[in-house]
**Q** 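This is the structure I have questions about; it appears just below.
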There are 2 protein chains.
Amino acid sequence: MSLKKPVKVLIADDHELVRDGIRARLEDETNIDIVGDASNGKEAIELISKVNPDLILLDINMPEMNGFETLEQMRKMELKQHVLYLSLYDNKEYVRRAKALGANGYMLKDVSQEEMISTIYNASEGGFWVNTSLDDSLNEPASEMPILTEREQEILTAIAAGKLNKQIAGELNISVRTVESHRSAIRQKTGGGNAASLAKIASDLGLL
Amino acid sequence: MSLKKPVKVLIADDHELVRDGIRARLEDETNIDIVGDASNGKEAIELISKVNPDLILLDINMPEMNGFETLEQMRKMELKQHVLYLSLYDNKEYVRRAKALGANGYMLKDVSQEEMISTIYNASEGGFWVNTSLDDSLNEPASEMPILTEREQEILTAIAAGKLNKQIAGELNISVRTVESHRSAIRQKTGGGNAASLAKIASDLGLL
DNA sequence: GTGCAATTGAGTAGTTCTACGGAGGCGCGT
DNA sequence: ACGCGCCTCCGTAGAACTACTCAATTGCAC
């Protein structure tokens with residue numbers, strides 16, 4: 001291990017406190033070099049070409065550009081660095097999205113120092129790694145939460161914001177009946193009942 | 001400053017990573033001693049009598065016993081230590097509650113190291129201190145979010161969970177019309193429109 | 001081109017919510 | 001004793017949502 005080149009890590013998290021915590025945890029680890037940190041996705045992407053990291057520790061909830069948007073953008077720019085997500089939320093949908101986007105891991109912020117370090121090494125080699133505490137979520141019935149189409153997500157977000165079907169129809173320039181159709185598709189896919197439960201689901205899905 | 005006795009601080013946060021970050025930030029500060037850390041409110045309360053801190057850095061969202069419940073419990077036990085809340089959320093209702101409970105401050109997790117340290121010193125002396133970035137929230141129209149009665153909160157929580165008026169009425173053994181009355185009072189007080197926006201408001205109020 | 005998913009739109013019925021209005025009982029503090 | 005806030009309940013009318021059904025268009029994949 002100690003003969004190999006150290007893993008160059010870029011930290012992207014909007015909370016300086018969390019970045020400080022990560023730095024403190026990794027600074028004694030001689031095979032990990034922290035080569036930079038960013039407080040949102042945009043900064044992270046700008047830094048990538050400058051500091052050329054091997055792995056990006058990427059928070060999901062960030063202002064300006066969140067973790068998912070960041071990875072999408074990286075793919076468009078053909079940036080091939082490994083990405084390890086770091087999130088507060090034990091959310092299956094998040095894990096699913098991370099995997100779908102081709103990330104190399106999803107780590108909850110309640111990891112211990114040891115697990116954080118070993119997950120960083122693992123993810124830097126490739127594959128997809130998650131917290132041991134998340135294993136269950138992954139092995140559960142393959143029946144993931146059905147995936148909503150873009151339009152459906154758009155409408156679900158509007159519903160969760162408290163907008164009326166009439167308003168939504170107006171904003172999207174479609175008929176109220178169409179909004180109803182989408183809404184009913186969403187209910188069927190998610191199992192959600194009334195408007196309030198759809199709002200809850202929207203937040204579980206990370207649409208806010 | 002350096003002549004005074006150091007401030008003894010107890011950290012309570014469910015994320016070891018955050019605790020590590022705080023430790024790293026405070027360890028060079030000779031007038032602050034970290035005398036213990038806890039991962040939830042229960043642990044914190046048990047530790048208080050053992051380590052006798054001057055100030056407790058208390059996270060709000062924790063399993064087992066959250067930050068608000070913890071301070072309530074401390075009041076019941078007549079524990080007089082100062083409390084400085086530490087939270088992810090820029091939420092007026094949280095700040096209002098913290099103040100109402102007699103805490104000595106409310107600090108967002110995006111504080112810089114300098115501000116964190118000075119806020120700790122300030123709060124350890126008494127008073128009520130908040131992030132500079134939160135000042136606005138405090139100085140805004142004195143008209144705080146109208147406070148809901150217990151019953152109204154109970155019903156708002158149920159609404160946000162997606163329950164129908166009929167269900168809520170059944171669970172609380174009251175008439176559907178009564179639920180409607182409460183619901184309408186909630187709408188009037190919060191300015192919320194339909195069910196979905198009430199769900200959003202419930203989450204803003206920290207009722208989940 | 002055939003098939004399939006996504007998006008758009010509609011009919012019809014029934015349920016639920018919203019927006020007014022009103023009122024009685026109960027406890028608490030002055 | 002009186003007021004006041006909270007909780008309880010009701011009527012009526014209309015707006016919004018839900019639950020089914022069906023179908024035309026588009027675009028993409030095989």
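Residue numbers start from 1 in every chain, and the chains themselves are labelled A, B, ... in the order their sequence lines are given, proteins ahead of strands.
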**Q** Please give, in whole Å, the distance from D:dC9 C1' to B:N173 CG?
**A**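 From B:N173 CG to D:dC9 C1': 15 Å.
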
**Q** With a 4.0 Å cutoff (strictly under), does any side-chain N or O of B:T178 reach OP1 or OP2 of D:dC9?
**A**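 It does, given that an N or O in the side chain of B:T178 lies less than 4.0 Å from OP1 or OP2 of D:dC9.
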
**Q** Using atom CD1 of A:I168 as one end and atom P of D:dA15 as the other, report the distance to the nearest whole Å.
**A**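 So the two atoms are 19 Å apart, to the nearest Å.
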
**Q** Does B:G127 offer a backbone N or O that forms a donor-acceptor pair with the side chain of B:N104 under 3.5 Å?
**A**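 Looks like yes, one N/O pair under 3.5 Å.
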
**Q** For A:V176 and B:R183, find the nucleotide of DNA chain C closest to each by heavy atoms; which residue's nucleotide sits nearer the 5' end?
**A**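 On the 5' side of the pair lies A:V176.
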
**Q** Quick one: label A:A195 by what it contacts on the DNA or RNA (base, sugar-phosphate, nothing), any heavy atom closer than 4.0 Å.
**A**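 Here A:A195 touches the backbone only, sparing every base.
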
**Q** So, does B:S184 get its side chain near the phosphate of C:dC20, meaning an N or O under 4.0 Å from OP1 or OP2?
**A**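 B:S184 to C:dC20 OP1/OP2: no side-chain N or O under 4.0 Å.
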
**Q** Return yes if the base of D:dC9 and the side-chain atoms of B:S181 contain a donor-acceptor N/O pair under 3.5 Å, otherwise no.
**A**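 Result: at least one qualifying N/O pair found.
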
**Q** Can you tell me the distance, in whole Å, between the CD atom of A:E180 and the P atom of C:dA10?
**A**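 It is 10 Å, rounded to the nearest whole Å.
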
**Q** Would you kindly give the NE2-to-P distance between B:H182 and C:dA19, to the nearest whole Å?
**A**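 Taking atom P of C:dA19 as the reference, NE2 of B:H182 is at 17 Å.
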
**Q** Report yes if at least one side-chain N or O of B:R187 is closer than 4.0 Å to OP1 or OP2 of C:dC17; otherwise report no.
**A**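 Checking B:R187 against C:dC17: no side-chain N or O falls below 4.0 Å of OP1 or OP2.
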
**Q** Can a donor-acceptor pair be found between the side chains of B:E43 and B:S39 at a distance below 3.5 Å?
**A**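 There is such a pair (donor and acceptor under 3.5 Å, judged by atom type) between the side chains of B:E43 and B:S39.
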
**Q** Among the nucleotides C:dT18, C:dA10, C:dC17, which one has an atom lying closest to any side-chain atom of A:N194?
**A**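 Within the option list, the nearest is C:dC17.
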
**Q** So if I apply the side chain to side chain contact (heavy atoms under 4.5 Å, CB included) rule between B:D59 and each of B:N66, B:V18, B:D13, B:L88, which one comes out positive?
**A**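 Looking at B:N66, B:V18, B:D13, B:L88, the match for B:D59 under the side chain to side chain contact (heavy atoms under 4.5 Å, CB included) is B:D13.
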
**Q** Expressed as a whole number of angstroms, how long is the span from B:I155:CD1 to D:dT8:C1'?
**A**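 Rounded to the whole Å, the gap is 10 Å.
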
**Q** Could you tell me the separation between the CD atom of B:E152 and the P atom of D:dC7, rounded to a whole number of Å?
**A**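 So the two atoms are 6 Å apart, to the nearest Å.
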
**Q** Where the side chain of B:D20 meets the backbone of A:G21, is there a donor-acceptor pair that is under 3.5 Å apart?
**A**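 No: the side chain of B:D20 does not pair with the backbone of A:G21.
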
**Q** Taking the minimum atom-to-atom distance to the side chain of A:T149, which one of D:dC9, C:dT8, C:dT7 wins?
**A**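 The answer is C:dT7, which lies nearest to the side chain.
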
**Q** Just say parallel, tilted or perpendicular for the rings of A:Y106 and A:Y85, cut-offs at 30° and 60°.
**A**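 Ring orientation, 0 to 90° scale: tilted.
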
**Q** Take atom CD1 of A:I186 and atom P of D:dA19, then tell me their distance rounded to the nearest Å.
**A**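 Atom CD1 in A:I186 sits about 13 Å away from atom P in D:dA19.
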
**Q** Need one value for A:R177: base, sugar-phosphate or nothing, where a base atom within 4.0 Å counts as base even if backbone is also close, heavy atoms only.
**A**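 Counting heavy atoms under 4.0 Å across all strands, the contact made by A:R177 includes a base.
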
**Q** May I ask you to verify if any side-chain N or O of A:N165 is less than 4.0 angstrom from the OP1 or OP2 atom of D:dC17?
**A**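 Yes, because at least one side-chain N or O of A:N165 sits under 4.0 Å from OP1 or OP2 of D:dC17.
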
**Q** Quickly work out the B:L172 CG to D:dT8 P distance and round it to whole Å.
**A**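 Value for this atom pair: 8 Å.
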
